[in-house]
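Structure, as structure tokens:
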There are 2 protein chains.
Amino acid sequence: MVSKTDRIPAAERREQILEAATRVFGELGYAGATTDRVAKAAGISQPYVVRMFGTKEQLFIEVLERTCELIVAAFDRAVADEASDKPVGPRIGEAYVHLVETDRGVLLALMQGFILGHDPNIGPVARRGFLRIYDRMREVMTPDEAMRFMAQGMLINTLIASNLTVRIDEDERVDELFACTFGDKLGIVLEGLSRSA
Amino acid sequence: MVSKTDRIPAAERREQILEAATRVFGELGYAGATTDRVAKAAGISQPYVVRMFGTKEQLFIEVLERTCELIVAAFDRAVADEASDKPVGPRIGEAYVHLVETDRGVLLALMQGFILGHDPNIGPVARRGFLRIYDRMREVMTPDEAMRFMAQGMLINTLIASNLTVRIDEDERVDELFACTFGDKLGIVLEGLSRSA
DNA sequence: CAGTGAAGTAATCAGTCGATTACCACCATC
DNA sequence: GATGGTGGTAATCGACTGATTACTTCACTG
């Protein structure tokens with residue numbers, strides 16, 4: 001039934017599942033997503049997903065930790081980028097906007113984690129992830145700058161999650177808000193949107 | 001089985017259900033909440049909830065529209081407050097912070113709506129609500145100010161949703177972030193927290 | 001080539017949840 | 001005192017979903 005090329009080492013398959021689960025959880029939320037949707041997105045069967053991660057909850061927790069790692073890693077790269085002549089703040093901002101364009105699922109899954117803060121098992125992981133990102137900011141900017149940066153990030157997450165992008169070029173207020181939010185990085189976002197359309 | 005004092009006019013009962021549903025949806029999310037939890041929170045039976053609103057989806061949509069109305073109304077009151085000697089920006093900010101303290105469910109339900117932007121039925125309602133709030137801001141401030149205000153609001157929502165408040169007085173970074181986010185309104189928030197604890 | 005372990009699935013089960021149905025209690029009014 | 005409308009529930013159904021079980025296929029190795 002399964003051709004031999006479909007058999008893949010567990011570690012590699014694990015990463016595939018995490019990637020697919022990030023998209024599915026990001027789109028449907030934790031409760032709304034099903035292990036079967038994740039399985040289909042990863043191209044395998046539902047029982048295999050459950051067996052590899054134990055429970056749906058554990059899978060989500062690993063997705064959440066992975067998204068935080070990806071974001072922190074992206075920030076680290078931006079901070080370490082010696083080639084750029086820009087200050088560190090805008091460099092990190094650009095890195096975040098770049099994530100919007102390339103890996104929307106990461107931001108959405110992160111958002112889904114934050115709003116599960118009440119959950120006894122997921123909540124602590126979400127809070128730890130949030131603080132890890134905040135800490136990273138604080139290493140390169142003041143508390144006030146870091147706060148504003150996080151706020152801007154949360155607005156971006158909300159704009160993406162609420163799918164307001166579909167009304168760009170349709171509603172003047174949306175155009176204005178996007179221009180104001182993304183500033184000189186608006187081009188990057190629009191380019192990413194047209195590519196994914 | 002039901003004492004006669006439990007019989008209440010439909011319109012009044014409807015408002016009770018919407019209020020209860022706002023809290024339940026805010027805490028558990030749309031998919032995570034059940035009509036039975038809403039019913040128990042409102043003190044009635046599950047079938048009655050469904051019959052009054054048709055479907056769970058329709059109930060959520062009405063909750064979402066109601067939360068937007070409540071927020072816009074709170075802003076309107078703040079704008080119209082002639083007694084205050086503060087500029088309009090801080091007055092609205094204070095109104096929003098006041099919502100954190102008194103009606104957390106409203107902010108959380110609103111957040112839950114935003115992250116359902118992909119949903120074909122709920123998404124449009126969420127976007128309309130977001131823009132209605134943004135419009136209200138734009139009537140009394142510049143695009144840039146309105147964007148920053150929305151960003152700050154989204155950060156506040158995230159801090160509340162992720163339940164980071166539980167780590168106040170436990171984690172220095174959290175204290176710093178809250179002080180920075182709420183500024184001179186931090187007292188209002190802390191007072192609300194200790195009262196609800 | 002027997003044997004072992006890793007990769008993966010089909011079938012199914014038990015619990016949950018939204019929705020439906022059929023019913024009951026109360027009050028007004030004629 | 002029948003009657004009909006309004007406020008409400010108990011019981012239940014069908015679909016969905018996370019998890020479990022038992023099985024198959026294949027590569028490797030002694």
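Because the structure is predicted, anything quoted here is derived from the model rather than measured. Each chain gets a letter, A, B and so on, in the order its sequence line appears, and its residues count up from 1.
The list of salt bridge (Lys or Arg N to Asp or Glu O under 4.0 Å) pairs with a residue in residues 114-124 of chain A, not counting sequence neighbours, is empty. Pairs engaging residues 40-52 of chain A under the side chain to side chain donor-acceptor pair (under 3.5 Å) rule: T35(A)-Q46(A), D36(A)-K40(A) [sequence neighbours left out]. Note on residues 83-95 of chain B: pairs passing side chain to side chain donor-acceptor pair (under 3.5 Å), not counting sequence neighbours, are K86(B)-E94(B). Counting only residues at least two apart or in different chains, side chain to side chain donor-acceptor pair (under 3.5 Å) contacts with residues 15-26 of chain A comprise R13(A)-Q16(A), E15(A)-R66(A), T22(A)-R66(A). Within the structure, every pair that satisfies the ring-ring contact (aromatic ring centres under 6.0 Å, His included) test and touches residues 167-186 of chain A, not counting sequence neighbours, is listed here: F178(A)-F182(A).
Counting non-hydrogen atoms of neighbouring residues, nucleotides and ligands closer than 6.0 angstrom, the CZ atom of R104(B) exceeds 12 such neighbours.
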Show me the side-chain donor-acceptor pairs of residues 120-130 of chain B shorter than 3.5 Å, one per line, residues at least two apart or across chains.
unit_1, atom_1, unit_2, atom_2, d
N121(B), ND2, E57(B), OE1, 3.1
N121(B), ND2, E57(B), OE2, 3.2
R127(B), NH1, S162(A), O, 3.0
R127(B), NH1, G117(B), O, 2.9

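Of all nucleotides listed (dA6(C), dT9(C), dT9(D)), dT9(D) comes nearest to the side chain of I44(B). Each of dA25(C), dT20(D), dA7(C) was ranked by its minimum atom distance to the side chain of A10(A); first place goes to dA7(C).
Separating the CE atom of M52(B) from the P atom of dG7(D) is a distance of 7 Å, rounded to the nearest angstrom. Computed from coordinates, the Y48(B) OH to dC23(C) C1' distance equals 16 Å when rounded to whole Å. As a whole-Å value, the separation of D36(B) CG from dA19(C) P is 13 Å. We find that CD of E12(A) is positioned 17 Å from P of dA6(C), with the value rounded to whole Å. One can place CZ of R7(B) at 7 Å from P of dC27(C), the figure rounded to the nearest angstrom. Across the protein-nucleic acid pair, F60(B) atom CZ and dG18(C) atom P stand 13 Å apart, rounded to whole Å. dG18(D) atom C1' lies 16 Å from atom CZ of R37(A), rounded to whole Å.
M147(A) approaches T181(B) most closely through the heavy-atom pair CG-OG1, 3.4 Å.
Proximity of residues 13-31 of chain B to DNA chain D (heavy atom under 4.0 angstrom from any strand atom) is restricted to R13(B).
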Mark up nucleotides 11-17 of chain D, 5' to 3', with B wherever a protein heavy atom is under 4.0 angstrom from a base atom, S wherever such an atom reaches only the sugar-phosphate, and - elsewhere. B-----S
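With hydrogens and angles left out, the side chain of R51(B) and the base of dA19(C) share no donor-acceptor pair within 3.5 Å.
With sequence neighbours left out, the side-chain contact (heavy atoms from CB on, under 4.5 Å) criterion links A161(B) to I115(A), L108(B).
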